[in-house]
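Taking it in order: structure first as structure tokens, then the write-up.
Just so it is clear: chains get the letters A, B, ... in the order the sequence lines come, proteins before strands, and each one is counted from 1. Computation of the quantities below employed the complete heavy-atom set of this structure, encompassing side-chain atoms and omitting hydrogens, waters and symmetry-equivalent molecules.
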Amino acid sequence: MGRVPCCEKDNVKRGQWTPEEDNKLASYIAQHGTHNWRLIPKNAGLQRCGKSCRLRWTNYLRPDLKDGEFSEAEEQTIMRLHAVLGNRWSIIAAQLSGRTDNDVKNYWNTKLKKKLSGMGIDPVTHNPFSHLMAEITTALPPPHVAHLAEAALSCFKDEMLHLLTKKRFDFQLQRSNAPQGTNASTCLTTKMMRKRIMWRRSG
DNA sequence: AAACGATTCAACCGCTACTAA
DNA sequence: CTTAGTAGCGGTTGAATCGTT
């Protein structure tokens with residue numbers, strides 16, 4: 001009944017992929033395509049689960065993937081679609097050529113969510129926090145509102161402190177030595193990009 | 001120079017819908 | 001129709017890296 005198992009879990013390697021593994025997978029797929037993920041690791045000589053191979057291919061090895069930072073336009077598209085679709089990352093990613101759902105999800109969680117919060121917009125509902133507070137005050141009795149407001153204020157205080165500290169650091173860095181349009185985060189991204197390119201070349 | 005906390009993102013996990021036997 | 005594997009998705013984790021103290 002049914003089909004044979006996808007892979008033997010005991011005999012499967014996990015963790016970071018090596019350039020050799022990447023090469024094996026990429027060259028196998030270049031020749032044979034991605035018709036059967038269960039057979040791909042076996043035929044390509046990889047001790048990996050088919051699921052792991054599929055993920056590695058779709059998120060990293062696919063030749064049509066776009067490298068580099070998200071553009072302003074891409075950022076706007078993500079924000080606009082997230083406001084309508086919520087966390088439907090694959091659908092959102094499908095509107096951005098060369099981006100994967102994992103890319104979009106990570107970008108949202110690490111950058112856009114904070115950016116929206118910093119602008120006073122709730123990243124879940126995409127409404128200003130003031131709207132949220134107004135809704136809460138009408139929905140809850142006064143004692144609950146007071147407790148909630150106290151809790152929210154302490155969260156907000158921490159978040160603002162964090163944002164202001166980071167802003168000040170970025171500003172100082174920009175003023176002291178960086179060329180126009182450069183800040184700490186783009187420096188970091190550039191370093192990571194270089195690392196990724198070197199990694200690919202070494203393979 | 002070392003320790004520490006924050007951040008990023010690749011990879012894994014668990015679930016669901018679909019499909020083959 | 002039932003069972004079990006596959007593909008794909010979103011949530012989560014943890015190693016690597018960075019900046020700060």
Side-chain angles (χ1 to χ4, degrees), chain A residues 1-22 25-26 29 33-43 46-62 65-70 74-75 78 81-82 84-96 98-115 117-118 123-124 158-174 176-178 182-200 202-203:
Chain A
M1 190 87 45
R3 299 180 188 175
V4 287
C6 139
C7 55
E8 287 167 34
K9 298 250 185 234
D10 306 341
N11 204 20
V12 153
K13 195 186 159 199
R14 296 157 61 98
Q16 291 281 320
W17 280 65
T18 64
E20 289 75 29
E21 287 178 307
D22 281 345
L25 181 61
I29 290 174
T34 59
H35 302 302
N36 191 335
W37 286 112
R38 183 176 61 86
L39 292 176
I40 284 174
K42 196 178 160 193
N43 294 344
L46 290 162
Q47 287 199 312
R48 293 276 181 176
C49 179
K51 196 172 177 174
S52 178
C53 291
R54 185 178 57 79
L55 215 64
R56 184 65 179 170
W57 172 256
T58 53
N59 287 339
Y60 199 87
L61 295 173
R62 248 170 52 201
L65 289 181
K66 196 190 274 180
D67 255 344
E69 268 199 289
F70 280 76
E74 286 177 312
E75 204 174 292
I78 296 171
L81 291 174
H82 188 273
V84 180
L85 299 164
N87 298 356
R88 311 285 296 275
W89 306 119
S90 59
I91 300 175
I92 296 172
Q95 308 307 311
L96 304 165
R99 304 293 189 186
T100 69
D101 53 349
N102 217 30
D103 279 340
V104 175
K105 181 173 60 184
N106 282 333
Y107 190 65
W108 174 264
N109 285 328
T110 58
K111 304 265 175 62
L112 292 184
K113 229 157 83 170
K114 286 175 197 163
K115 191 173 180 178
S117 295
V124 179
D158 290 347
E159 182 77 8
M160 277 309 286
L161 203 64
H162 175 80
L163 280 168
L164 286 171
T165 310
K166 191 179 182 309
K167 257 285 185 275
R168 194 183 57 193
F169 170 70
D170 283 350
F171 177 68
Q172 280 173 350
L173 195 79
Q174 205 166 10
S176 62
N177 54 5
T182 310
N183 60 24
S185 51
T186 54
C187 287
L188 176 71
T189 313
T190 311
K191 274 185 198 169
M192 289 183 135
M193 285 298 306
R194 220 174 282 143
K195 194 180 73 179
R196 184 184 279 199
I197 290 162
M198 291 300 283
W199 175 264
R200 282 192 181 175
S202 72

Query - Distance in angstrom units between K113(A) NZ and dT7(B) P, rounded - result: 13 Å

Report task. Measure the distance from CD on Q16(A) to C1' on dT17(C) and round it to the nearest whole Å. Result -> 12 Å

Query raised in the report: Which is true for T58(A) with a 4.0 Å heavy-atom rule: it touches a base, it touches only sugar-phosphate, or it touches nothing?
Result: nothing

Query raised in the report: Tell me: NZ of K13(A) to P of dA11(B), nearest whole Å?
Result: 10 Å

**Report entry** dA11(B) phosphate, OP1 or OP2, under 4.0 Å from R56(A) side-chain N/O
**Finding:** yes

Query raised in the report: How many Å lie between CG on L112(A) and P on dT7(B), as a whole number?
Result: 15 Å

Query raised in the report: Is the charged tip of R99(A) near the ring of W89(A): under 6.0 Å from the six-membered ring centre and within 45° of its axis?
Result: no

Requested in this report: Rounded off to whole Å, could you give me the OH-to-P distance for the Y107(A) and dC9(B) pair?
Outcome: 10 Å

Query raised in the report: Distance check: side-chain N/O of K114(A) vs OP1/OP2 of dA6(B), anything under 4.0 Å?
Result: no

Nucleotide N/O of nucleotides 8-11 of chain C paired with protein N/O under 3.5 Å:
from, atom 1, to, atom 2, distance (Å)
dG8(C), N7, R54(A), NH2, 2.7
dG8(C), O6, K51(A), NZ, 3.3
dG10(C), OP1, N87(A), O, 3.4
dG10(C), OP1, W89(A), N, 2.9
dG10(C), OP2, W89(A), N, 3.4
dG10(C), OP2, S90(A), N, 2.9
dG11(C), OP1, N87(A), ND2, 2.9
dG11(C), OP2, N87(A), ND2, 3.4
dG11(C), OP2, W89(A), NE1, 3.0
dG11(C), N7, K105(A), NZ, 2.6
dG11(C), O6, K105(A), NZ, 2.9

Requested in this report: Measure distances between side-chain N and O atoms of N59(A) and base N and O atoms of dA11(B), and say whether any donor-acceptor pair falls under 3.5 Å.
Outcome: no

Query raised in the report: Taking the six-membered ring for Trp, are H82(A) and W108(A) parallel (under 30°), tilted (30 to 60°) or perpendicular (over 60°)?
Result: parallel

Query - Atom pair CG (L81(A)) and CG (L96(A)), whose distance is rounded to the nearest 0.5 Å - result: 7.5 Å

Query - Interatomic distance, N106(A) CG vs dT13(C) P [rounded to whole Å] - result: 14 Å

**Report entry** Atom-to-atom span, CD of E69(A) to C1' of dT8(B) - whole angstrom
**Finding:** 12 Å

Query raised in the report: How long is the line joining CH2 of W17(A) and C1' of dC12(B), in whole Å?
Result: 13 Å

Query - I40(A) CD1 to R56(A) CZ distance, which is reported to the nearest 0.5 Å - result: 15.0 Å

Query raised in the report: Between R48(A) and dA11(B), does any side-chain N or O lie under 4.0 Å from OP1 or OP2?
Result: no

Query - Rounded distance [0.5 Å steps], CG in D22(A) versus CH2 in W57(A) - result: 10.5 Å

Query raised in the report: Roughly how far apart are E75(A) CD and E69(A) CD, rounded to 0.5 Å?
Result: 9.0 Å

Query - Point-to-point distance, once rounded to the nearest 0.5 Å, from CZ of R48(A) to CG of L55(A) - result: 11.0 Å

